[in-house]
Amino acid sequence: MIASTPVARWSWARDDETSDPLTCCLRDVLAAYAVLAEHRFATGEPVVRVSVTEAGRANSFLFQGRLTAGSPGPKAAVPMAGQVRAALRAGGIGAVDGFVECPGTVVVNAEGEEARLEGLFQLSASSFAGFAGVELATHTDVWLAHDLMGRPQPEIHAANAPRLSALLRELSEVLGSETDPDDPTCFARPTGTGAENFFDEDGRAADVWGSFEVPTRYDVFVHAPGFGRIGYRRTVRGEVRCVPVRDGRGGLLGHLWASDAEGAASFEPRDVGDDAVYRAGLVWLERLRAAHDRGLSPSAALAELAAWPDEDGAGRAGPSAEARTIPLAVLREQAKATQW
């Protein structure tokens, strides 16, 4: 299972005496990436998102961009640093940050099947004022003895947890610093060798998916970004016009709804805890945002989107004949039984 926020984080920190924060940061992030690659937790050429702030001005950037290293490993840091320096604006270098998404391979079921997961790890490095740090985060539960819903997964844990432990140990050696497990997240308790589940008072593994992930996912469908100022509103007090959205097999994904009276439109997912439903809902939110930016009223957006074909796994809205008017609160109550 993959959560919206990190399941666990670990970090490594040390003093840096090179007086070159740019090369230090890039060397650390590329050296760490090489270790992940050796353990099959990262594949391909690392694409590093680099930012350099101006000394004394944290909101002033001398450089922001993405750079591709020809190969993983610290040797690529020097030419990459040269690329950044060639593009720097004038000013003294303050903090340097590097970030890499790491797709990797893990066992994903009891049969031992392996799969490549995008964003298996998020790797970041920072260097500032003689300090250097690296952080590793993961959004998946394949390292845990129980999944995020509290269900035992002994085969998955046995296959993946020792690999994570070996990774953390080698990162400590390469980075020259002890592994520091971060504070517990909503989902797990990081340790120096991996991560552990939370348990309820009765001794059963906690269902942190239902307690934390489902509400986090659902929030995006009821609250517009920018404190409700960007795009259509995503909640109303009264009635809405809605149409069902179904996948290619006819299964209900949710409802697309709109209200001209309150300037609102959104997608109400049938089961936001289901990855396919969640991803489909995000696609519909993006489509609604685009319709808003083109100046369409909520009802006009609903009519337009109802005619779209099934693309990007988002399903297809039902014909106008299936449209109905219903209080939004009732529509949400109908979905809540499967969401929570």
Side-chain angles (χ1 to χ4, degrees), residues 1-5 148-149 207 209-340:
M1 305 179 77
I2 299 176
S4 302
T5 57
L148 297 182
M149 295 182 72
D207 177 12
W209 183 266
S211 299
F212 299 106
E213 177 63 15
V214 169
T216 297
R217 288 186 174 192
Y218 189 62
D219 187 71
V220 73
F221 296 101
V222 298
H223 295 109
F227 298 99
R229 295 191 295 268
I230 299 176
Y232 303 118
R233 294 180 59 204
R234 295 180 183 175
T235 192
V236 301
R237 293 173 180 256
E239 294 184 329
V240 298
R241 191 70 173 165
C242 69
V243 293
V245 176
R246 295 186 173 88
D247 61 23
R249 299 186 300 274
L252 182 65
L253 295 172
H255 288 81
L256 196 63
W257 62 263
S259 168
D260 282 345
E262 300 194 48
S266 187
F267 178 84
E268 182 63 27
R270 178 189 61 80
D271 178 8
V272 76
D274 181 278
D275 288 342
V277 172
Y278 178 57
R279 288 192 296 267
L282 295 180
V283 172
W284 287 105
L285 290 183
E286 285 297 319
R287 292 172 178 173
L288 287 169
R289 170 70 183 278
H292 175 274
D293 291 348
R294 289 190 286 114
L296 295 184
S297 68
S299 61
L302 180 65
E304 178 179 281
L305 295 182
W308 277 44
D310 184 355
E311 297 177 342
D312 303 319
R316 183 171 184 171
S320 57
E322 294 189 43
R324 58 179 174 145
T325 300
I326 184 174
L328 180 59
V330 174
L331 181 64
R332 287 177 170 167
E333 282 298 323
Q334 292 174 351
K336 188 178 293 185
T338 55
Q339 282 190 35
W340 302 87

Which heavy atom of [X] sits nearest to which heavy atom of [Y], and what is that distance?
{"X": "V243", "Y": "A323", "result": "CG1-CB, 3.6 Å"}
{"X": "P298", "Y": "A258", "result": "O-CB, 3.3 Å"}
{"X": "A314", "Y": "V283", "result": "CB-CG1, 3.6 Å"}
{"X": "P244", "Y": "L252", "result": "CB-CD1, 3.8 Å"}

Once salt bridge (Lys or Arg N to Asp or Glu O under 4.0 Å) is applied, do any residues pair with R287, and if so which ones, sequence neighbours excluded? none

Sorted by chain and residue number, the salt bridge (Lys or Arg N to Asp or Glu O under 4.0 Å) partners of E304 (sequence neighbours excluded) come out as R294

Partner set under side-chain hydrogen bond (donor to acceptor under 3.5 Å, both in side chains) for [X], not counting sequence neighbours:
{"X": "T5", "result": "none"}
{"X": "D260", "result": "S299"}
{"X": "R246", "result": "E322"}
{"X": "T216", "result": "none"}

Quick one: do D247 and R270 make a salt bridge, cutoff under 4.0 Å? no

Electrostatic pair E262:R233 at N-O distance under 4.0 angstrom: yes

With distance as the sole criterion, is a donor-acceptor pair present between the side chains of E239 and S259 under 3.5 Å? no

For the residue pair Y218 / E213, report whether a side-chain donor-acceptor contact shorter than 3.5 Å exists.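 Per modelled atom types, E213 and Y218 side chains form no pair under 3.5 Å.
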
Rounded to the nearest 0.5 Å, how far apart are CG of L253 and CD of E268?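 Result: 13.0 Å between the selected atoms.
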
Look up atom CZ in F221 and atom CG in L285, then write down how far apart they are to the nearest 0.5 Å. 5.0 Å

Under a 4.5 Å cut-off applied to non-hydrogen side-chain atoms, are [X] and [Y] in contact?
{"X": "L256", "Y": "C242", "result": "no"}
{"X": "L328", "Y": "H255", "result": "no"}
{"X": "Y232", "Y": "L288", "result": "yes"}
{"X": "R316", "Y": "W308", "result": "no"}
{"X": "R241", "Y": "L302", "result": "yes"}
{"X": "Y278", "Y": "P269", "result": "no"}
{"X": "R279", "Y": "L282", "result": "no"}

Test item: R234 side-chain N/O and A264 main-chain N/O as donor-acceptor pair under 3.5 Å: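 Answer holds: no.
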
Determine, stepwise, if the pair R289 / I230 fulfils side chain to side chain contact (heavy atoms under 4.5 Å, CB included). CA-CA 8 Å; R289 170 70 183 278; I230 299 176; 3.2 Å; yes

What verdict does the salt bridge (Lys or Arg N to Asp or Glu O under 4.0 Å) test give for R217 and D275, after you've listed the backbone C-alpha separation in whole Å, the side-chain angles of each residue and the deciding distance to 0.1 Å? CA-CA 10 Å; R217 288 186 174 192; D275 288 342; 2.7 Å; yes

Relative to each other, are the rings of W284 and F267 parallel, tilted or perpendicular (30° and 60° limits)?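 Because their plane-to-plane angle is under 30°, the rings of W284 and F267 count as parallel.
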
